[in-house]
Amino acid sequence: MTTVLNRRPPWYLSLPAVLCALGVVVPVGVMIVHAFADGSAERAPLWSDTSRQGLYNTLGLAGGVLAVTTLLAWPMAWLVTRTDLRGRRWLSILAIVPLAMPGYLMAYGWRVAGGYGGPIHALTDTTVARPSGYFGALLAMSAYLMPYLFLTMRAGMLGIDPSLEEAARSLGHRRLRVWWTVVVPQLRPAYLAGAMLVVLHVISDFAVVTFMDYDTFSKQLYDELKASQLDWERLSRWGLLLLGLALVFIVTEMYLLRGLRLQRAGSGATRRRTPARLGWRQGPAWALFAVVFMVSIAAPLGTIVYWAFDTPQPTTTQVTDDGQAAPAPVTDLNKFADDLFKDFDNENKKDGVSPKDTPDLTPPTESTEPPASSQPGVLATVAPPLFDSVKCSLPAALIATALAVPIGLMRVRYPSRTSFVLERLPYLGYAMPAIVFALSLTLFCLWGVPDVLSGAGRWLYQSLPLLLYALALHFLPEAVGPIRSSLYSASPRLDEASRSLGRGRVATFFHVTLPVLRQGLIVAAALVFLSCMKELPLTTLLTPIGTHTLSMEVWERYGDPGFEHTLAPYALTILLFSSTFVGVLLLQGRDSH
């Protein structure tokens, strides 16, 4: 492919990347300014024993999840790419399928599997303690995040030229030495990319650790948001601490990849690799995939299905494993929303501006519920949040895909340092923990816009345009990748030939470039749609009042009496939609081969 190095990209390609970067940086800048604003001299210290313990818990959980996913992803990727394992394609699909299950549903499935009356008790008449704490969070997050590392390791192993290993073997090196000296260094970029995804998900997640009752840094930030007194300066500093923790890992990955060059010395296509023969080891290999499938899909999905079709028993309290009543934890944001609008009203009452009318979001008590005969069916119950989820996810996926096209074109057709930096700037929104991004947007809308535009900022907060903006920018890198890959497979000479025949830039794009991008566009839109359907922090904090997505319904019902039953239909609906789009991605991948 012929490219012109150090050629400056045209403004109409670089402008979307600049606007996306500003859309992420400006709200964070407002949060930084707010964090160091003058406040009360009696403000409680931010760095305390509680926050220190939250940091230690976060680092310990991130290290544990990374270790478990590494021990699983490496051998699984090796088995499906470099051996004669039977059914490799189907086993690869089974390893990817857990992407359809959000982490909070994974935690919910394992959390309600045990205990009195759970599926394990119903099947074996044995009461098993519900997983919780560090090991419960480690189990749920490892099962949820393993596919990310598996995908990157599988792609890395498929891209290694076998002639390099054969050359090392011809010099007398044994297989183990060849693996460590030739293969592992070439897998470093793939492993670090997958490890970065795993770590960033762990440090930004607050739903899984809440389900498992494990106190991490992000959970402490969420608890601050639920506090009765909203100290925005303190919240901003909490957000900066969490963002700084994420940046430490990002800078570390950049340092480890510094100066790495893995280009092939020759030209032409790589030869097919002779797969290693497993022989009697076929059985243990299949057993490994079977265990991973049971832990990541079969067990939590079976639990969700069990509770979805189990007949609920009348109860008003939550029951622990030993049969004792336990207080239900507060996880919804009803109190947070009320306090926010009270605080907002006090700040702006002097301007004669009133906040939006807020309906009573307090869940009804048991005495106000209609009789069971008059309650709506499951379909009628699930349909409104399903519609709200699609209403938010579909436009966000289309916006992200549209923004990704000029960014991908700029990077592939005009490779230079400028295009590289402009392409990487939108990744700030993806690397930033979602709860921090939502907090920065909240501060920007309520207190960061100029006084002249303060009315627009107040209207924008908790509006559908702001939510679409946040979802599109946060998941934009997921759309850039497939589009960039499609452009790499198409020669720019096609565009040059079209231009030489008298077609303009616009006609060339629609008649030549766009057909080449068709598959990448489908994969990009499906990836972003899937991520938006599962997203919890952004939708919980930024969704307009009166809009309840499926993920919000799952989150707000956790901890209520009998939540195992009421939560299951929404969880099952998320899984069905997510599985559908995972199937679209798999079909597109098969067609590309």
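These numbers come from the heavy atoms of this one structure, side chains and all, not from hydrogens, waters or symmetry mates.
The closest side-chain heavy-atom distance from Trp307 to Val112 is below 4.5 Å. For the pair Ser204/Ser218, no side-chain contact is recorded, criterion being any heavy-atom separation below 4.5 Å from C-beta on. Side-chain contact between Ile574 and Ser389 is absent, with no heavy atoms from C-beta onward closer than 4.5 Å. Side-chain contact between Pro406 and Tyr12 is absent, with no heavy atoms from C-beta onward closer than 4.5 Å. A heavy-atom distance below 4.5 Å is found between the side chains of Pro27 and Leu441.
Looking at Asp213 and Lys219, no side-chain N of the basic residue comes within less than 4.0 Å of a carboxylate O on the acidic one, giving no salt bridge.
Listed by chain and residue number, Leu468 satisfy the side chain to side chain contact (heavy atoms under 4.5 Å, CB included) test with Pro395 (two or more places apart in sequence, or in another chain). With sequence neighbours excluded, the residues forming a side chain to side chain contact (heavy atoms under 4.5 Å, CB included) with Thr566 are Arg557, Phe563, listed by chain and number. With sequence neighbours excluded, no residue satisfies ring pair (Phe, Tyr, Trp, His ring centres under 6.0 Å) with Tyr104. Remark: Val305 engages Leu301, Phe309, Leu572 in a side chain to side chain contact (heavy atoms under 4.5 Å, CB included) (not counting sequence neighbours). Partners of Tyr148 under the ring pair (Phe, Tyr, Trp, His ring centres under 6.0 Å) rule, at least two apart in sequence or in another chain, are His201. The side-chain hydrogen bond (donor to acceptor under 3.5 Å, both in side chains) search around Gln220 returns Asp215, not counting sequence neighbours. Partners of Phe475 by ring pair (Phe, Tyr, Trp, His ring centres under 6.0 Å), not counting sequence neighbours: none found. Residues passing the side chain to side chain contact (heavy atoms under 4.5 Å, CB included) test with Leu245 are Leu55, Thr58, Leu59, Ile203, Phe249, sequence neighbours excluded.
Nearest heavy-atom pair across Ala396 and Leu471 is CB-CB, 3.7 Å. Ala400 and Ala479 get closest at one heavy-atom pair: O-CB, 3.9 Å. When all heavy atoms of Leu542 and Ala438 are compared, the pair lying nearest together is CD2-O, 4.0 Å. Of all non-hydrogen atoms in Ala571 and Tyr108, the two that sit nearest each other are CB-CE2, 4.5 Å. For the pair Ser551 and Leu536, the tightest heavy-atom approach, listed with the atom from each and the gap, is O-CD1, 3.6 Å. Ser296 and Met101 get closest at one heavy-atom pair: O-SD, 4.0 Å.
For the atom pair OG1 (Thr539) and CG (Leu550), the distance works out to 10.0 Å, reported to the nearest 0.5 Å. Met410 CE to Ser14 OG: the interatomic distance, rounded to the nearest 0.5 Å, is 7.0 Å. Rounding to the nearest 0.5 angstrom, the gap separating the CH2 atom in Trp110 from the OG atom in Ser132 is 13.5 Å. To the nearest 0.5 Å, atoms OG (Ser142) and CG (Leu61) are separated by 8.0 Å. Leu403 contributes atom CG, which lies 7.5 Å from atom CD1 of Ile399 (distance to the nearest 0.5 angstrom). For the atom pair CD1 (Ile435) and CG (Leu243), the distance works out to 12.5 Å, reported to the nearest 0.5 Å.
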Practice problem: Evaluate the side chain to side chain contact (heavy atoms under 4.5 Å, CB included) criterion for residues Met141 and Met106: first the C-alpha distance (whole Å), next the side-chain angles of each, then the deciding distance (0.1 Å), finally the verdict. | Solution: CA-CA 8 Å; Met141 283 195 169; Met106 190 79 70; over 6 Å; no
Quiz item: Checking side chain to side chain contact (heavy atoms under 4.5 Å, CB included) for the pair Leu567/Ile304: CA distance, chi angles, key distance, verdict?
Solution: CA-CA 9 Å; Leu567 191 152; Ile304 294 173; over 6 Å; no
Exercise. Might you work through the side chain to side chain contact (heavy atoms under 4.5 Å, CB included) test for Leu99 and Leu151, ending with a clear yes or no?
Key: CA-CA 11 Å; Leu99 288 175; Leu151 283 172; 3.9 Å; yes
Practice problem: Begin with the C-alpha distance, continue with both residues' side-chain angles, and end with the deciding distance and a verdict on side chain to side chain contact (heavy atoms under 4.5 Å, CB included) for Thr543 and Leu464. | Solution: CA-CA 7 Å; Thr543 298; Leu464 183 59; over 6 Å; no
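Of the candidates Val65, Val208, Leu197, Val65 is the only one forming a side-chain contact (heavy atoms from CB on, under 4.5 Å) with Leu145.
Residue pairs meeting the salt bridge (Lys or Arg N to Asp or Glu O under 4.0 Å) criterion with at least one partner in residues 534-552, sequence neighbours excluded, are absent. Screening residues 385-403 for salt bridge (Lys or Arg N to Asp or Glu O under 4.0 Å) gives Asp388-Lys391 as the qualifying pairs, with residues at least two apart or on separate chains.
A donor-acceptor distance shorter than 3.5 angstrom exists from the side chain of Thr152 to the backbone of Leu149, with no hydrogens or angles considered.
Trp555 and Tyr222 have perpendicular rings, their planes meeting at more than 60° on a 0 to 90° scale where under 30° would count as parallel.
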